[in-house]
Amino acid sequence: MKVIFQLALRNLKEHKAKSIIVSLFIIFGVAIVILGNSFLESINRGLEKDFRANYTGDITVSANMPDGMKADIFMATSGTFDGTLPQTPALLDIDQVEKILDESGLISGRTRMISTRGIMMKGEEIDLAALMSDDSVNIADIPVFMMFAGEEDSYFTLFGGQHIVEGSAIDYSSSENQLLIDTRIRSSFENFFKKSLNVGDSVLVMGANTDGVIREAKVVGFYTPANEYSAMFQTIYCNPSFARAFADLTYGSILDSENARNFDEKIWDVDESELFGEGDDFFDDMISDETDSFVSGGDIDFNNILGDITLRDELNRTDNGSWHFVQAKFKNGVKADNAIKELNAKFKELGIDANAMGWETAAASYTKTVAGINVFFNILVVVLAIVVFIIIMNTMTISIIERTSEIGTMRALGAEKSFVRTLFFTEASSITIVSAFIGIVLGLVIMGIFNSLNLSVGDNMIAKVILGGGQLHFSPTPAIILISFFGVAIGSLLSNIYPVSSALRITPLKALSKGGE
C-alpha cells in the first residue's frame with residue numbers, strides 16, 4: 001500500500017495542472033456548500049429561538065380546522081378564495097385542554113391567546129378603497145398589523161421581554177381599550193398617513209378580516225421586540241375584549257352546531273303575522289287614506305318594527321371566555337415532537353376538538369418561506385455538485401487518455417487490474433481529502449470574518465421575513481461540516497468510476513499501438 005501511495009503522489013505532481021484544476025473545484029465546492037448550509041442553519045436557529053421564546057412557545061393548541069382550511073397564530077387560510085378571509089375558530093374545549101396539559105407534567109407554563117389583524121387610523125376615517133386605487137400608494141406600505149391579546153395573568157409571564165420605550169404596559173384592570181404598539185408600526189403609520197402617533201392618542205382600528213368592524217382605542221405605550229433582529233410581523237398587543245370584536249368571537253359565532261340549529265328552527269317557526277302583522281295592516285298603517293303617501297316617521301314607532309332584538313344584541317356581544325389558542329412551553333428535556341403526538345392522541349381519545357402543533361406549524365406563515373428557501377438552495381447545491389463532478393470526471397478521463405502508455409507499461413510489467421484500480425482511486429482520494437479539508441478551512445475563515453462584522457438588513461421587513469431575521473450570520477455545525485466532507489468525498493469517488501474503468505480496459509498491446517501513433 002505504501003508503494004501505491006508513493007506512486008499516487010508522484011503521478012499527482014507530474015500532472016500538476018490537472019491536479020490543481022480538480023482541487024480548486026473541490027475546494028470552492030466544499031466552501032460554498034458549507035457557507036450556504038451554515039447560513040440556512042443560522043436562519044432556522046434564529047427563527048426557532050425567536051418564535052419559541054416570544055410568540056408560539058413550544059406548543060400551540062387550537063380547535064380542529066374544517067376540511068380545506070389551515071390556521072397558525074397569524075391567520076386562517078382556505079383552499080378557495082371568495083374575497084373574504086376566514087376566521088380562526090374559537091377553542092371551545094379550552095378548559096379540558098388546559099387540564100390535560102397540566103396533568104401531563106410536560107409543561108412549565110401556559111397561557112391563552114387571541115390573534116387577529118387590523119389597520120389603524122387616527123381622526124377621520126380613511127377611505128381605503130380610494131386610497132388603494134391611488135397609483136401613488138404602495139399596498140405593501142399600508143400599516144397592517146397583527147393584534148395579539150393574551151390572558152392577563154400569564155401571557156407576558158410566558159412571552160415577556162418586550163422593551164417599552166415610551167408609555168406603559170396594558171392595564172388589564174382598566175375598562176378602556178388599550179394598545180401597546182410596536183415602534184415599527186408607529187413609523188409606518190406616520191410615514192403612510194403623514195400624522196403623528198403618540199401615547200394618549202385615541203385611534204380607530206378596523207379589522208382586516210372582518211366586515212366593517214371598527215373600534216376606538218387608546219395608545220398607552222410603544223415597545224421594541226425582545227429580539228431586535230426579529231422577523232416577526234409588526235404587532236400590537238391589546239386587551240382580550242378588544243381583540244374578540246375583530247376575531248368574531250361573539251356569542252353567536254361560537255354557538256355549537258346544535259344550538260345554532262335550534263336557533264335557526266326558532267327563526268323559521270315564527271309566523272309572518274308576528275313579524276309584519278295581520279294581512280295588509282302593517283303597510284295600511286303606514287299609508288294615509290287621504291294622500292296614499294307614507295306617513296311621517298314621527299307617527300310610527302320604528303324601534304318596534306323588528307320586535308324584540310334582545311337576542312340579536314346578546315349574540316353579537318363578545319364572549320369573555322372565548323380564545324383562539326392555548327400556548328405552552330415544555331420543561332427542559334421534553335422532546336417536543338413526541339409530546340405533541342401524545343397530546344393529540346389524548347385529545348382524539350377523549351373526543352376533544354383540539355389540535356396540538358409545534359412551533360413550526362404554529363408559525364407556518366413564516367417557516368414555509370424559509371423552508372422554500374432551503375429547498376431552493378438544496379436544488380442549487382445538487383446542480384452545482386453534478387456540474388463539478390462531471391468536470392472532475394472529464395478531467396480524469398482526459399488524464400487517463402494521456403497516461404495510456406504508462407498504464408500499458410504497468411500492465412506489461414505484470415500489474416493486475418486491482419493494482420491499477422487502487423492506484424487511481426488512491427490518487428482521487430488523496431486530492432479529494434486534501435482539497436475538502438482546505439475548503440472547510442476556507443469556509444470557516446470566511447464565516448469568522450463575516451460574523452465579526454455583525455451585519456444586518458436593517459428595517460427591511462421583506463428581507464427579514466425571507467432571511468428569518470435581520471441579522472446576517474453563519475452558524476456552522478459539526479453535522480454540516482461532516483455531511484459536506486463525506487458528500488464531496490463520495491461524489492468525487494463516484495466521478496472516478498468511469499475514468500478508472502477506462503483505464504482498466506487499456507492493454508499492453510493497445511498501449512504499444514498508441515505509442516506507435
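Sequence positions, counted from 1, serve as the residue numbers for this chain.
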* Return yes if some donor-acceptor pair links the side-chain N/O of S188 with the main-chain N/O of I185 below 3.5 Å, else return no. => yes

* Could you give me the CA-CA distance, side-chain angles and deciding distance for Y55 and Q327, then say whether side-chain hydrogen bond (donor to acceptor under 3.5 Å, both in side chains) is met? => CA-CA 9 Å; Y55 305 108; Q327 297 174 293; over 6 Å; no

* Nearest 0.5 Å, what's the OG-NZ distance between S104 and K331? -> 8.0 Å

* **Contact summary for P476 and M447, nearest pair of heavy atoms** => CB-CE, 3.8 Å

* Asked: With ring centroids as reference points, do F485 and F437 lie under 6.0 angstrom apart?
  -> no

* Asked: What is the distance from atom CD1 of I480 to atom CG of N37, rounded to the nearest 0.5 Å?
  -> 5.5 Å

* **Side-chain touch R45/S42, heavy atoms, less than 4.5 angstrom** => no

* Structure fact -> All heavy atoms of G160 vs all of N54, minimum pair found to be O-OD1, 3.7 Å

* Salt bridge check: are R52 and E360 linked by an N-O gap of less than 4.0 Å? -> no

* **Under 3.5 Å donor-acceptor, T361 side chain and M357 backbone** => no

* F51/Y366 aromatic ring centres below 6.0 Å -> yes

* Which heavy atom in V30 sits nearest to a heavy atom in A436, and how many Å separate them? -> CG1-O, 3.8 Å

* Sub-3.5 Å donor-acceptor pair from the side chain of T183 to the main-chain atoms of F222, do we have one? -> no

* 4.5 Å side-chain heavy-atom contact, R186 and N198 -> yes

* Closest approach of D58 and I340, non-hydrogen atoms and distance? -> O-CD1, 4.2 Å

* To do: May I ask you to say whether R112 pairs ionically with E98, meaning some side-chain N is under 4.0 Å from a carboxylate O?
  => yes

* Just wondering, are more than 12 heavy atoms of other shown residues or ligands nearer than 6.0 Å to CZ in F156? -> yes

* To do: Indicate yes or no for a side-chain donor-acceptor contact from R110 to the backbone of K329 under 3.5 Å, with no hydrogens or angles considered.
  => no

* S38-E41 side chain donor-acceptor pair, cut-off 3.5 Å -> no

* To do: I would like to know whether I59 and W359 meet side chain to side chain contact (heavy atoms under 4.5 Å, CB included); could you show each step before the answer?
  => CA-CA 6 Å; I59 178 176; W359 79 272; over 6 Å; no

* Which of parallel (below 30°), tilted (30 to 60°) and perpendicular (above 60°) describes F246 and F242? -> perpendicular

* Asked: Does a side chain donor of either D72 or S365 reach within less than 3.5 Å of an acceptor in the other side chain?
  -> yes

* Asked: OH of Y172: more than 12 outside heavy atoms within 6.0 angstrom?
  -> yes

* Search all heavy atoms of I94 against all heavy atoms of W323 and return the closest pair with its distance. => CD1-CB, 3.7 Å

* Expected output: side-chain D171 to main-chain S173 donor-acceptor under 3.5 Å -> yes

* Verdict with reasoning, T367 to E48, per side chain to side chain contact (heavy atoms under 4.5 Å, CB included) -> CA-CA 9 Å; T367 57; E48 178 179 2; over 6 Å; no

* Side-chain donor or acceptor of N451 paired with backbone N/O of F474 under 3.5 Å -> yes

* Picking from N355, N64, I100, what satisfies side-chain contact (heavy atoms from CB on, under 4.5 Å) with F347? -> I100

* Side-chain donor/acceptor of T111 to backbone N/O of Y155, under 3.5 Å -> yes

* Does the D50 side chain pair with the main chain of G46, one donor and one acceptor, at a distance under 3.5 Å? -> no

* Structure fact -> Distance col, row I170:CD1 vs L179:CG, nearest 0.5 angstrom, shows 7.0 Å

* **Ionic contact status for D201 with K122, cut-off 4.0 Å** => yes

* Would you check if the side chain of H324 reaches a backbone N or O of S115 as a donor-acceptor pair within less than 3.5 Å? => yes

* Asked: How many angstroms lie between OG in S322 and CG in L91, if you round to the nearest 0.5 Å?
  -> 10.5 Å

* To do: Measure across T60 and F325 and return the closest heavy-atom pair with its distance rounded to 0.1 Å.
  => CG2-CD2, 3.6 Å

* Are the side chain of D182 and the backbone of I236 linked by a donor-acceptor contact shorter than 3.5 Å? -> no

* **Step-by-step side chain to side chain contact (heavy atoms under 4.5 Å, CB included) determination, I181 to V220** => CA-CA 8 Å; I181 301 176; V220 296; over 6 Å; no

* Can we call the ring centroids of F148 and F159 under 6.0 Å apart? -> no

* Asked: Is the distance between the ring centroids of F377 and F39 under 6.0 Å?
  -> no

* Asked: Roughly how far, to the nearest 0.5 Å, is CG of N374 from NZ of K368?
  -> 15.5 Å

* Side-chain ion pair, D337 and K335, N-O less than 4.0 Å -> no

* Asked: So do E190 and K195 actually touch side chain to side chain, heavy atoms under 4.5 Å?
  -> no

* Asked: Judged by modelled atom types alone, do E176 and Q178 share a side-chain donor-acceptor pair under 3.5 Å?
  -> yes

* To do: Decide yes or no for T56 and I73: does some side-chain heavy atom of the first lie under 4.5 Å from some side-chain heavy atom of the second?
  => yes

* Looking at CD1 of I119 and CE of M206, how far apart are the two atoms once the value is rounded to the nearest 0.5 Å? -> 5.5 Å

* Step by step, work out the side chain to side chain contact (heavy atoms under 4.5 Å, CB included) result for M120 and L204. => CA-CA 6 Å; M120 184 167 52; L204 293 175; over 6 Å; no

* Asked: For A339, which residues count as a side chain to side chain contact (heavy atoms under 4.5 Å, CB included) partner, sequence neighbours excluded?
  -> L106, F330, V334

